[in-house]
2 protein chains.
Amino acid sequence: MGASKTDSFSVEQNEIANLFKALSHPARIAIVDYLLTVDTCICGDIVEVLPLAQPTVSQHLKELKNANIIKGTIEGTAICYCINPAIIDKIENHFGVIRQKLRNKCC
Amino acid sequence: MGASKTDSFSVEQNEIANLFKALSHPARIAIVDYLLTVDTCICGDIVEVLPLAQPTVSQHLKELKNANIIKGTIEGTAICYCINPAIIDKIENHFGVIRQKLRNKCC
DNA sequence: TTATTATATTGCAATATTACGATAAAACAA
DNA sequence: TTGTTTTATCGTAATATTGCAATATAATAA
């Protein structure tokens with residue numbers, strides 16, 4: 001076949017997998033990194049920072065937006081991007097739960 | 001083209017992206033979930049738990065092993081799987097750094 | 001030795017992702 | 001209006017991922 005058997009897994013498992021999928025490309029990690037290097041939101045210079053063509057960057061930004069990892073607000077001709085802190089909390093919490101469960105185990 | 005432009009990004013960005021890629025499929029999330037539901041390591045019943053054929057499960061386990069997220073030790077005819085706590089720490093730390101940086105920002 | 005059991009690998013088809021040129025759309029300036 | 005700038009979308013080629021039947025391998029049991 002080729003397509004993931006999404007229906008065979010829980011909503012939670014699919015949700016967290018999709019979050020990780022959004023972060024599973026170095027260009028998208030680089031975008032998040034860049035948004036974190038500056039003190040404010042970034043208006044319209046993301047394309048210049050990445051070693052990729054503009055349509056490719058736009059596509060990566062779209063995936064990060066769809067995963068709710070970044071938010072974009074229109075600001076004149078440019079678009080201002082910000083990281084969504086709630087999603088970072090969610091992922092961090094996911095690993096916190098894993099850590100808790102690992103404490104009760106031995107390997 | 002089609003292939004990721006891996007060389008254009010830093011080693012760190014590729015590393016963390018590969019970690020997330022290993023966790024970007026619901027079957028692999030389900031495997032990690034399952035390994036966490038029991039108190040000890042699991043010897044040879046992962047295939048029965050997942051709604052996928054044995055070769056597919058084997059492939060997903062291989063990807064988790066390659067990403068260093070789980071470890072497998074041969075135990076007779078079966079293989080015992082465990083989560084690697086160090087990797088969980090690494091990912092959790094990654095988000096801890098992000099959270100710290102987010103504190104200095106406004107959106 | 002021959003079974004049996006558990007896991008891995010091979011090969012392939014279906015689908016998804018990545019990248020980018022060309023083009024469109026949206027907002028503003030002159 | 002026309003031009004400029006910025007971002008999005010379309011179309012398509014190259015590559016990667018997913019899933020599984022068939023088969024191979026490895027360890028033990030009889």
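Lettering of chains follows the sequences in order, A, B, ..., and the numbering in each one begins at 1.
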Looking at [N], I'd like to know if its phosphate oxygens (OP1 or OP2) sit under 4.0 Å from a side-chain N or O belonging to [X].
X	N	result
A/K21	D/dT17	no
B/S58	C/dT7	no
A/K62	D/dT9	yes

Value rounded to 0.5 Å, distance of CD1 in A/I88 from CG in A/N93:
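With rounding to 0.5 Å, CD1 (A/I88) is 13.0 Å from CG (A/N93).
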Would you compute the distance between atom CD1 of A/I69 and atom CD1 of A/I87 and round it to the nearest 0.5 angstrom?
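CD1 of A/I87 is found 6.5 Å from CD1 of A/I69.
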Output the rounded distance in Å from [atom1] ([X]) to [atom2] ([N]).
X	N	atom1	atom2	answer
A/F20	C/dA16	CZ	P	22 Å
B/L61	C/dA6	CG	P	15 Å
B/D45	C/dA6	CG	P	10 Å
A/L64	C/dT18	CG	C1'	14 Å
A/K71	D/dT7	NZ	P	18 Å
B/Q59	C/dA6	CD	C1'	18 Å
B/N66	C/dT9	CG	P	10 Å
B/R28	D/dT18	CZ	P	5 Å

Please tell me which of the listed nucleotides, [options], lies nearest to the side chain of [X]?
X	options	value
B/H25	C/dT7, D/dT18, D/dT6	D/dT18
A/E63	D/dT17, D/dT18, C/dT18	C/dT18
B/Y81	D/dG19, C/dA8, C/dA6	C/dA8
A/I79	C/dT9, D/dT7, C/dA8	D/dT7
A/T56	D/dT15, C/dC20, C/dT15	C/dC20
B/A53	D/dT7, D/dA21, D/dT18	D/dA21
B/A3	C/dC20, D/dC20, D/dA16	D/dA16

Pairwise ring-ring contact (aromatic ring centres under 6.0 Å, His included) hits with a residue in residues 48-85 of chain B, at least two apart
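Counting only pairs at least two positions apart or across chains, the ring-ring contact (aromatic ring centres under 6.0 Å, His included) contacts touching residues 48-85 of chain B are B/H25-B/H60.
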Distance-only, no hydrogens or angles: does the B/N84 side chain make a donor-acceptor pair with backbone N or O of B/N68 under 3.5 Å?
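The answer is yes, because a donor-acceptor pair under 3.5 Å joins these two groups.
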Between B/R28 and B/L23, is there a donor-acceptor pair closer than 3.5 Å when you use the side chain of the first and the backbone of the second?
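No, because the side chain of B/R28 does not come within donor-acceptor range (under 3.5 Å) of the backbone of B/L23.
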I need a per-nucleotide contact map over nucleotides 22-30 of chain C, read 5' to 3'. Cutoff is protein heavy atoms under 4.0 Å; write B for the base, S for backbone only, - otherwise.
B----BS--
How would you list, by chain and number, every residue that makes a ring-ring contact (aromatic ring centres under 6.0 Å, His included) with A/F9, sequence neighbours excluded?
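Expected list: none.
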For the pair B/E92 and B/R99, evaluate salt bridge (Lys or Arg N to Asp or Glu O under 4.0 Å) and give the outcome as yes or no after the intermediate values.
CA-CA 11 Å; B/E92 210 181 356; B/R99 270 275 289 282; over 6 Å; no
Parallel, tilted or perpendicular for B/F20 and B/F95, by the 30°/60° rule?
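Tilted.
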Pick the nucleotide of DNA chain C nearest each of A/S4 and B/S4; which residue has the one closer to the 5' end?
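Result: A/S4.
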